[in-house]
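In what follows, every heavy atom counts, from backbone to side chain, and hydrogens, waters and symmetry copies are set aside. The chain is numbered in sequence order, starting from 1. In each ligand, atom 1 is the first atom listed, and ligand 1 is the first ligand listed.
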Amino acid sequence: MMNYSKNKSLLIGSAGLLALSAYSQEHPNVIYVFPDQFRNQALDFWNEEGFKDKVNFRADPVHTPNLNRFAKESFVLSSAVSNCPLSSPHRGMLLTGMYPDGSGIPLNCNSNRPVSSLRTDAVTISDVFSRSGYDCAYIGKLHADFPTPNDPENAGCYVENSKPVWDAYTPPERRHGFNYWYSYGTFDVHKQPHYWDTNGKRHEIKEWSPKHEADKAIEYLKNENNVRNREKPFFLMVAMNPPHSPYNSTEDCMEEDYNLYKDIPLDRLLIRPNVDLEMKKAADSRFYFASITGVDREFGRILTALKDLGLDKNTIVIFASDHGETMCSQGTDDPKNSPYTESLNIPFIVRYPGKIKPQVDPLLLSSPDIMPTILGLCGLNNRIPKSVQGRDFSHVFYRKGIKRPQAALYIQNMDGEKDAKGLVTSYFPSARGIKTERYTLAIYIDKNTKKVRKTLLFDDITDPYQLNNLNINRYFKVYNELCKKMAVLLKEINDPWFRDRILSDQIPYIFN
Ligand code: CA
C-alpha cells in the first residue's frame, strides 16, 4: 500500500521532482472522454469480427473508424449501464460515486430546481485525484450545478436570459480539485459554443464544439502555456455535447460527416426492428449519426496527439457517455430517461497499453462504479472515499478477481413539490427498476397513490430489441425474483423507495 503522507513530504523536499516522476510512473494519467447521448449501439465495431459474437444486436450503420481501432486495443464493456439515464444525474454519479439521492443531483439541473445540484461537501473523483498528486482538468459540458446569478462579467446576473436558466458558470470554489477549467453548464448551439476558463474569462467560439474541445485537450496535453504541472500525472475529463440534440441541420454537425448519411434511405439507417420510421424525428438520424462520426474523428485526434507526445503508454484512456439515445426506437419521443437499452446502455471502452488486455466483457458496470473503478485502475483504491456507493471493479479489467455485479438499478425521478415561486423543493421517485444479464424491469408509480401505474419487463436474451413487454402476472416468478434483487439494492443505497416503503407488498425490503 502506498504511503501518501511520506510521498507528500517528498514532494516538497529537494528530491521533489524525482519523487514526482516516480509517482507518475506508478500512477498513470487518465483521459475520460464522454460525449452526451452517445448510445452503445452507435459503434460500428459491434458488427465486426471479435465483437459481433459478444452482443445480440446489430450496430447502427455508422462510421466510427477511430473508435473501431481504439476498441481493438481496449477492454470493451458490452453492458455498461447509465442507471439514471439523464444528463445531470449521470454526471453526479460519475463525479461522486453516489446514486442521485446521495450526489445531490436527482434531476436535470436548471434554475427552477434548487433541489438538484452537486453537493458542495461531496468528495468527487477529481477531489481524490487532486489530493493524490494529480493535475486535474475539465473541458466541456458540466451540467451538474444549480445555476445561480453569478456571471463573472455581470455581477448578480445569470449567464443567460432564459426561463428557466440552464447554463451556469462554475466558480473556483465549486470546481472540486480541477485546477484547469474550460467549461460551461449546458448550452446547445453546437457551432457557437462558449466556455469559462480557469480565471472565469468567457470565450465565444465559432466552430463545432467537439473540434474546439479536442483542440483544447491537445493544448493541455502539449502543455502549451504551462497549463499543467508536467511533473504530475494528469486526470483530464472531456465532456463533449454532440451527439446531443439539436440534430436537425448542418448547423449542428459537420457537413463532411452529414454527406456520409444524407442519401441513405431512412430504413437503412434506422435498422433496429423496434423503430418507428413514421416518426418526424426519423430524418434526424442522419444528423445524429453525422455527429457520432464527428465525435469519432475528434476523439481520434486526441489519441493521435497522445501518441505523438509519447504519453499513450502511461495513459488510461476511457471513452463513455452519460446515457444513450432512443432515436425512434420504441416510438418514444424521449431520447433518454427510459430503461430501454438504447437509452440505458452506454459505451465504456478502456485502453491501458500493456496493462489491460484487449477484450469484450459483459460487466454490468453502474454509473456510481465508474469513480471507484477508475481510482482502482490507477492504484488509488485505498483513496476511495467512504461516501462512495459504487464499487471498484478494476480487478475485472486486470483479470485479478471474479467478483461481479449481478444487476444494475434503473432510476427515474420527476419534479416533486414546488414552492410559491414555482421552485422545485423535492423530487418524486417516479420509477425504479433493475437490469440483469437476462432481464430489464421498470416499475412506474402514480404520484398520488404510489401504486403501480405501468411496468416494463423484457427478456433481453430472447428479445434483444425489447419488442415484447412481458405481463408480470404471467411472469410472476421472474417478476418476484427481480423485485427481490431490487429490494437488496434499494436498501443498500438507502433509496427513497426503500425509505418510504414504496410497493413493499411486492418489493420484499428487509427492515431491521
Ligand atoms: Ca445528457
Side-chain angles (χ1 to χ4, degrees), residues 32-43 80-96 99-100 103-110 112-113 116-118 138-147 164-168 170 183-190 193 195 208-210 213 237-248 252-253 281 284-285 287-289 291-292 294-295 298-299 318-327 329 332-348 365-368 370 410-415 427:
Y32 190 91
V33 180
F34 63 121
D36 196 308
Q37 216 151 309
F38 195 121
R39 68 185 190 186
N40 187 38
Q41 295 84 5
L43 289 162
V81 165
S82 178
N83 309 78
C84 185
L86 202 58
S87 202
S88 307
H90 172 84
R91 287 154 201 271
M93 294 187 278
L94 168 68
L95 291 169
T96 67
Y99 283 84
S103 72
I105 315 180
L107 304 163
N108 256 347
C109 301
N110 70 33
N112 277 356
R113 296 182 178 132
S116 196
S117 192
L118 179 61
Y138 197 96
I139 296 173
K141 173 175 179 175
L142 182 70
H143 202 200
D145 280 332
F146 167 58
V165 179
W166 285 82
D167 201 4
T170 308
S183 175
Y184 61 99
T186 179
F187 183 70
D188 292 332
V189 184
H190 299 321
Y195 307 84
W208 198 49
S209 58
E213 287 152 19
M237 297 187 99
V238 184
M240 297 175 178
N241 197 17
H244 185 281
S245 55
Y247 30 51
N248 316 104
D252 307 316
C253 61
K281 191 178 169 180
D284 293 347
S285 59
F287 300 101
Y288 178 69
F289 292 146
S291 306
I292 294 273
V295 163
E298 300 310 331
F299 177 63
I318 303 173
F319 183 89
S321 182
D322 59 346
H323 52 75
E325 158 71 59
T326 51
M327 194 45 75
S329 281
T332 174
D333 268 329
D334 193 348
K336 47 210 169 188
N337 216 4
S338 67
Y340 299 124
T341 181
E342 295 86 357
S343 151
L344 200 74
N345 184 200
I346 54 169
F348 202 86
L365 190 79
S366 284
S367 307
I370 297 174
Y410 165 66
I411 293 170
Q412 188 203 62
N413 298 319
M414 297 290 186
D415 289 348
Y427 74 93

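Residue side and main chain included, H143 places no N/O/S atom under 3.0 Å of the Ca ion (ligand 1).
Closest to the Ca ion (ligand 1) among the N, O or S atoms of D322 is OD2. Within D36, OD1 is the N, O or S atom that lies nearest to the Ca ion (ligand 1). Closest to the Ca ion (ligand 1) among the N, O or S atoms of H323 is NE2.
Nearest heavy atoms, R39 versus F289: NH2-CZ, 4.2 Å. Between S291 and D252, the shortest heavy-atom distance links the atoms OG-O, 4.3 Å.
To the nearest 0.5 Å, atom NZ of residue K141 and atom CE of residue M237 are 14.0 Å apart. Between the CG atom of D322 and the NE2 atom of H90 there is a distance of 6.0 Å, given to the nearest 0.5 Å.
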